[in-house]
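Basis for what follows: all heavy atoms, side chains included, without hydrogens, waters or symmetry-related copies. Naming: A, B, ... by sequence-line order, numbering from 1 per chain.
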Amino acid sequence: MSRQPDTNTQELRGRYPDVFNRPMASRAGVPAILVAALALFIFGLNELDFSPARMWTGLRELGWITMMMIPPNPGSSLPAYLHAMGETLSIALLGTTLAAVFALPVSLLAARNVIPSAWLRFPVRRFLDSIRGVDTLIWALVWINVVGLGPFAGVLAIAISDFGAFGKLFSEAIEAADKKQVEGIRASGGSAMHEIRFGLMPQVLPVIAGQVLYFIESNTRSATIIGIVGAGGIGLQLAEQIRVLEWQKVSFLILMILVAVAAIDWISSRLRFAIIGRRAVA
Amino acid sequence: MSAAVSILPAPQLAALNDAYRKAVARRRLRTLFVVVACFAALFVAALGAEVNLRTFIEKIGNFGSYFDRIFTLEAGTRVWTDVNEWFWGWKKWLSLLGETVLISYVGTLIGAVLAFGLNFLAAENTAPSAPLRFAVRRFMEFCRTVPDIVFALIFVIAFGLGPMAGVLAIAIHCVGALGKLYGEIVENIDMKPVEGIRSTGAGWVDCMRFAVLPQVAAGFASYTLLRFEINVRGASVMGFVGAGGIGQELVVAVRKFYYSDVSAILLMIIVAVFIIDIGTGWLRGRLFGKEARS
């Protein structure tokens, strides 16, 4: 390998002064951010009671727990677990559907091309934002107070927290719709309702269907945890078995969740491809 | 209005109409089938989830009255008439909220660093070996499919109660989620710089550092900020299982029916999430321009 003569760099320096002599501010910027991030990180570790000793004993404990988990074994409660899994899937399906049904009209109110007035749109959007700001588990706690313990509270919790998410996603889909169709309906004498029904909906529905299917999958995941606060499904069993340290059952339940999520993922992505075609799936 | 369109003779028209009706009928039948299938699935789900409309109708009033109660002080007045009384514990709650944000920050950072290390091994175009890629991918899938609160439940037993379990749970979940997103960015890069660097005789690490990293850094940072925001939401419920943050306080208030506390804490969480949402959105806009926002 032949070495380039050193004078070359000198010449390059002369030719591109702004590459070699960047201003101090831009050169110090990235390291300064990194140092600040690291300082906050160390402060955080300190504040949150991290210590090497705790870490070490914890990891040893964790290793021991992992050993106890093998092999996964449901014992005699397999039927109960299957029933709980069915409950979880039902919660996910029903919650998502309810959310979609209620979010569709509201999302029209939040879309710029349907409601041009910012005065109506703004409160609707903030309302949806604040619903989304509250985690599903918190909604589950609230609904338990209203309809009592059980899977029904879970359905309502998933429905309301997805209502916020769907409202936002649907309204974005509606805003992205082509307005030529809508104008065509208006030109042929259609009313505002006709514009929405025949101009917007045919464009928007496939997108919405794709999002709903995607959410059914992600809600299967959420539905597995709302049981932890008592809102039905497999989370209840999982939290209980963890509390009584039945690690073999815990690992079996986790495996069940993984398999169920993978299955729903497979089904919903097949359906999504069938509805909107392979290329439109983001 | 005079018809500008010439109308076809009846026999031709009838044939066309027939074909049209047949096509429409077939589509309608298919739609009907799908709708029936959907309703059947929903019906089965409703049975499984013990949906009871009668309880719902009887209790739905409670939902309104619950919100009525959480906005009422013990004295019977509305909460906003006496903000001091409403936010009586604001110092404690604010510090717990700070802890929540800190849990999310530390967890996201640990997760991001690990995901950063792993994703180059998992992306199709940069993975040094296929078996390694397969293993890393399955590992990340596992991390992201198991919900973070389940990890928190287990970690609380292994590491003891407190925010440390929450941080580690968020970090693990973050490895899976960010690793996947990072990997997708890396798979979309332009490979020419990599070939350029490799042709100078550089090793794998140098290729990643000088050819891949400059192309992906902005996307990585954007996703990390987004994840941080999601994790704040996640960290707010870590306290439900004893893994630190404001969730503990909230669950106690809900379970013991300290109504006005519930609304005060919820409001603080929502405001904090808003501020972080807007802050990270602004930061991403500043750093990477408008197009990187979504």
J.: By a 4.5 Å heavy-atom criterion (distance strictly below it), what part of A:Trp64 contacts chain B: side chain, backbone, both, or neither?
T.: neither
J.: At their closest point, which heavy atom of A:Leu94 faces which heavy atom of B:Ala46, and how far apart are they?
T.: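 It is CD2-CA, 3.7 Å.
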J.: Is the count of non-hydrogen atoms from other residues, nucleotides or ligands lying under 6.0 Å from A:Phe41 atom CZ greater than 12?
T.: yes
J.: Work out which heavy atom in A:Arg54 is nearest to a heavy atom in B:Leu161; give both atom names and the distance.
T.: NH2-O, 3.4 Å
J.: Side chain, backbone, both or neither: which part of B:Val106 has an atom under 4.5 Å from a heavy atom of chain A?
T.: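 Both backbone and side chain.
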J.: Measure the CD-CD1 distance between A:Glu61 and B:Ile157 for me, rounded to the nearest 0.5 Å.
T.: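 Answer rounded to 0.5 Å: 9.0 Å.
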J.: Determine the option with the most heavy-atom pairs under 4.5 angstrom with chain B, choosing from A:Ser130, A:Gly235, A:Gly233.
T.: A:Ser130
J.: Mark yes when over 12 heavy atoms from residues, nucleotides or ligands other than A:Phe122 sit less than 6.0 Å from its CZ; otherwise mark no.
T.: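 Check fails, neighbour count at 12 or below.
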J.: Enter the distance from A:Ile225:CD1 to B:Ile149:CD1 here, rounded to the nearest 0.5 Å.
T.: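 Rounded to the nearest 0.5 Å, the CD1-CD1 separation comes to 5.5 Å.
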J.: With rounding to the nearest 0.5 Å, note down the distance linking CD1 in B:Ile269 to CG in A:Asp135.
T.: 9.0 Å
J.: Pick from B:Val156, B:Ile70, B:Leu109, B:Val273: which one has the most heavy-atom pairs with chain A under 4.5 Å?
T.: B:Leu109
J.: Between A:Ala92 and chain B, with a heavy-atom cut-off of 4.5 Å, which part of the residue counts as in contact: side chain, backbone, both or neither?
T.: neither
J.: Name the region of A:Ile65, side chain, backbone, both or neither, that has any atom closer than 4.5 Å to a heavy atom of chain B.
T.: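 The side chain, not the backbone.
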J.: What part of A:Ile160 lies closer than 4.5 angstrom to a heavy atom of chain B: side chain, backbone, both or neither?
T.: side chain
J.: Which pair of heavy atoms, one from B:Ala45 and one from A:Leu93, lies closest together, and at what distance?
T.: CB-CD2, 3.9 Å
J.: Among A:Ile257, A:Leu89, A:Thr57, A:Leu258, who wins on heavy-atom pairs under 4.5 Å with chain B?
T.: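 The residue among A:Ile257, A:Leu89, A:Thr57, A:Leu258 with the greatest pair count is A:Leu258.
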J.: Can you confirm whether B:Arg198 is buried at CZ, in the sense that more than 12 heavy atoms of other residues, nucleotides or ligands lie under 6.0 Å from that atom?
T.: no
J.: Are the side chains of A:Leu59 and B:Phe159 in contact, using a 4.5 Å heavy-atom criterion?
T.: yes
J.: Give, for atom CZ of B:Phe257 and atom CG of A:Asn145, the distance between the pair rounded to the nearest 0.5 Å.
T.: 5.0 Å
J.: Chain B: which of A:Glu87, A:Arg243, A:Glu172 shares the most heavy-atom pairs with it under 4.5 Å?
T.: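 Heavy-atom pairs under 4.5 Å are most numerous for A:Glu87.
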J.: Would you mind telling me which of B:Leu153, B:Val251, B:Asp277 has the largest number of heavy-atom pairs within less than 4.5 Å of chain A?
T.: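 Maximum pair count with chain A is reached by B:Leu153.
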J.: What's the separation between atom CZ in B:Arg255 and atom CD1 in A:Ile144, rounded to the nearest 0.5 Å?
T.: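 Between atom CZ of B:Arg255 and atom CD1 of A:Ile144 there are 7.0 Å.
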J.: Counting heavy atoms not belonging to B:Phe67, are there more than 12 under 6.0 Å from its CZ?
T.: yes
J.: Are more than 12 heavy atoms from other residues, nucleotides or ligands located less than 6.0 Å from atom CZ of B:Phe71?
T.: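 It does: B:Phe71 CZ has more than 12 such atoms within range.
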J.: Using a 4.5 Å cut-off on heavy atoms from C-beta on, say whether the side chain of B:Glu141 contacts that of A:Val261.
T.: no
J.: Does A:Ile254 form a side-chain contact (heavy atoms from CB on, under 4.5 Å) with B:Ile154? I'd like the steps, not just the answer.
T.: CA-CA 12 Å; A:Ile254 291 178; B:Ile154 295 173; 4.1 Å; yes
J.: Measure B:Leu266 against the heavy atoms of chain A and call it side chain, backbone, both or neither at under 4.5 Å.
T.: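 Only the side chain of B:Leu266 comes within 4.5 Å of chain A.
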J.: Among A:Leu45, A:Val142, A:Asp265, A:Thr88, which residue has the highest count of heavy-atom pairs closer than 4.5 Å to chain B?
T.: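 Most pairs with chain B among the choices: A:Val142.
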J.: Tell me, yes or no, whether the heavy-atom count around A:Phe50 atom CZ, taken from other residues, nucleotides or ligands under 6.0 Å, exceeds 12.
T.: yes
J.: What's the separation between atom CZ in A:Arg132 and atom CZ in B:Arg233, rounded to the nearest 0.5 Å?
T.: 6.5 Å
J.: Heavy-atom distance under 4.5 Å to chain B: side chain of A:Met69, backbone, both or neither?
T.: side chain
J.: Do side-chain atoms of B:Tyr105 reach the backbone of A:Ala37 as a donor and acceptor pair under 3.5 angstrom?
T.: yes
J.: Against chain B, label A:Leu48 side chain, backbone, both or neither, depending on which of its atoms sit under 4.5 Å from a heavy atom there.
T.: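 Its backbone and side chain both get close to chain B.
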J.: Are the side chains of A:Glu47 and B:Leu102 in contact, using a 4.5 Å heavy-atom criterion?
T.: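 They are in side-chain contact.
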J.: Is any side-chain heavy atom of B:Val241 less than 4.5 Å from a side-chain heavy atom of A:Ile228?
T.: yes
J.: Does any heavy atom of chain A fall under 4.5 Å from the side chain of B:Ala165, the backbone, both, or neither of them?
T.: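 Neither; nothing under 4.5 Å.
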J.: Any non-hydrogen side-chain atom of B:Val44 less than 4.5 Å from a side-chain atom of A:Ser90?
T.: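 B:Val44 vs A:Ser90: side chains apart.
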